[in-house]
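For this chain, numbers begin at 1 and follow the sequence in order. Everything numeric here is computed off the predicted structure, so don't read it as measured data.
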Amino acid sequence: MDKNLQIPGLYIIRFQTAGVVPAPYANFQTIKLNLISEDDLSLDFSIKYTDREDLDEDEIIDEGFTLDDDFSWKGAVPANWIKEFNAIYSSSKIIRQREEKEFEDFVEIEIEEDDKRVTVYPVDKERWVYFLQEFMQAILETSGRELPFELTYLDFDAEPKSEVALKASFADKTFTMSQNGGPLKQLDWGFLQKVMDTVYRAEFIYDNASEKKPTKNGKYLYIGDQLWYELGIAVVETTAKSKDLQMIESLFSKLVR
């Protein structure tokens, strides 16, 4: 099968969380990606959360969701996503036989082939799931449903005091850093995943966070939710033996060198 993108062309990507993923996380997504030209696209996106019938309102909200998380949107994300889609589509091993496994997310792609619609399945599912996670964030950001990624780290124990602000746009796939209000520095996009894995490994205690920007000594995180979290107070270790806070401090100390 020729895996070069057909432009113009319509690609329909369907994603479903693995069967073992419980509510309220379980969901089904559809992306109808219409490639109009080499630098123009439009899409029709929908996400529906499933299997929530047996959960009460508190159980859903306690997991960070709402009662109205289903979402659909039609529009256009930046054209750089044509290149992103082509990069993964053209390099993936594709099969035609449907394979569903309880412990794996499900991905299928409907394409045009010989004047008819056919459905194919990428073998490298984990790679596609990561791609789709970023693509969905780009859609949610472009639609205004969510804001770009924002993270600020304050080290008021340092001399002089240090403030590191990170911002990432999934729509544009840009990742920047500024220190103490200085000029923006471009960071490698792949480094964003390390930052997120390191920071969100720790446990955040919302009740211990503050709505006001700190002024006293300490180390703090702002993660875009209008709250400031002090390390050791509102950001704590996940286990008695973990070193989550040490890893966060090390990450940001290396960034400001």
Side-chain angles (χ1 to χ4, degrees), residues 64 77-81 83-84 87-88 127 129-257:
V77 295
N80 58 282
W81 280 97
K83 180 180 178 180
E84 297 292 333
I88 188 169
R127 185 166 163 246
V129 169
Y130 183 74
F131 165 80
L132 291 174
Q133 287 174 343
E134 290 197 340
F135 198 9
M136 183 180 75
Q137 285 301 125
I139 293 168
L140 296 176
E141 183 182 311
T142 304
S143 69
R145 179 84 169 186
E146 293 187 7
L147 295 172
F149 173 84
E150 182 179 356
L151 176 68
T152 301
Y153 178 74
L154 303 181
D155 186 352
F156 283 176
D157 290 334
E159 187 58 48
K161 296 178 179 179
S162 175
E163 178 172 340
V164 177
L166 303 177
K167 292 186 178 180
S169 167
F170 283 85
D172 299 324
K173 291 202 74 170
T174 56
F175 187 26
T176 61
M177 178 188 87
S178 65
Q179 184 177 1
N180 299 326
L184 292 179
K185 175 184 178 181
Q186 295 290 331
L187 299 177
D188 181 73
W189 179 257
F191 184 59
L192 175 60
Q193 188 63 43
K194 178 176 176 58
V195 170
M196 296 177 73
D197 287 346
T198 300
V199 170
Y200 293 110
R201 183 192 307 269
E203 181 180 352
F204 285 75
I205 303 176
Y206 303 101
D207 291 342
N208 292 350
S210 172
E211 294 181 358
K212 294 182 179 180
K213 188 174 182 178
T215 56
K216 66 177 184 178
N217 285 356
K219 297 179 175 66
Y220 305 87
L221 283 171
Y222 174 82
I223 56 175
D225 61 353
Q226 311 306 312
L227 295 174
W228 291 89
Y229 299 83
E230 184 175 0
L231 270 66
I233 304 295
V235 186
V236 298
E237 303 287 355
T238 50
T239 69
K241 295 183 179 181
S242 64
K243 298 181 178 180
D244 304 323
L245 303 189
Q246 179 182 323
M247 292 175 66
I248 291 173
E249 293 177 25
S250 175
L251 172 74
F252 283 96
S253 67
K254 292 177 181 177
L255 272 175
V256 299
R257 285 178 183 171

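The shortest side-chain heavy-atom distance between Thr152 and Glu163 falls under the 4.5 Å cut-off. For the pair Leu187/Leu192, no side-chain contact is recorded, criterion being any heavy-atom separation below 4.5 Å from C-beta on. Within the 4.5 Å cutoff, the side chain of Leu227 has no heavy atoms near those of the Phe204 side chain. Using a 4.5 Å heavy-atom cutoff, the side chains of Met196 and Leu151 are not in contact.
Taking all atoms of both residues into account, the shortest heavy-atom contact from Ala158 to Asp155 is N-OD1, 3.2 Å. The two atoms that bring Ser162 and Val256 nearest to each other are OG-CG1, 4.2 Å, heavy atoms only. Pro148 and Ala168 get closest at one heavy-atom pair: CB-O, 3.4 Å. In plain terms, the two heavy atoms of Gly218 and Glu230 that are nearest each other are CA-OE2, 4.2 Å. Closest non-hydrogen pair, Thr142 versus Ala171, comes out as OG1-CB, 3.6 Å. For the residue pair Phe191 and Leu251, the shortest heavy atom distance occurs at CZ-CD1, 3.6 Å.
Considering CG of Asn217 and CG of Leu154, their distance stands at 12.0 Å, rounded to 0.5 Å. How far OH of Tyr222 is from NZ of Lys213: 10.5 Å, rounded to the nearest 0.5 Å. Separation of atoms CE (Met136) and CZ (Arg145) is listed at 10.5 Å; rounding is to 0.5 Å. If you take CD on Gln179 and CG on Leu166, they are separated by 10.5 Å, rounding to the nearest 0.5 Å.
Applying the side-chain hydrogen bond (donor to acceptor under 3.5 Å, both in side chains) test to every pair with at least one member in residues 197-211, sequence neighbours left out, gives these pairs: Gln193-Asp197. For residues 138-174, the ring-ring contact (aromatic ring centres under 6.0 Å, His included) pairs, not counting sequence neighbours, are Tyr153-Phe252, Phe170-Trp189.
For Glu141, the salt bridge (charged side-chain N to carboxylate O under 4.0 Å, His left out) criterion is met by no residue, not counting sequence neighbours. In this view, Asp157 and Lys219 satisfy the side chain to side chain donor-acceptor pair (under 3.5 Å) rule, not counting sequence neighbours. Glu84 meets the salt bridge (charged side-chain N to carboxylate O under 4.0 Å, His left out) test with Lys173; sequence neighbours excluded.
Side chain of Ser253 to backbone of Ser250: a donor-acceptor contact under 3.5 angstrom is found. Ser143 places a side-chain N or O within 3.5 Å of a backbone atom of Ile139 that can act as its donor or acceptor partner.
Enclosure of atom NZ in Lys185 is not indicated, since only 12 or fewer non-hydrogen atoms of other residues, nucleotides or ligands lie within 6.0 angstrom.
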Side-chain donor-acceptor contacts of residues 232-241 below 3.5 Å, not counting sequence neighbours, with atom names and distances?
unit_1, atom_1, unit_2, atom_2, d
Glu237, OE1, Ser242, OG, 2.9
Glu237, OE1, Asp244, N, 2.7
Glu237, OE2, Leu245, N, 3.4
Thr238, OG1, Asp244, OD2, 2.8
Thr239, OG1, Lys241, N, 3.4
Thr239, OG1, Ser242, N, 3.1

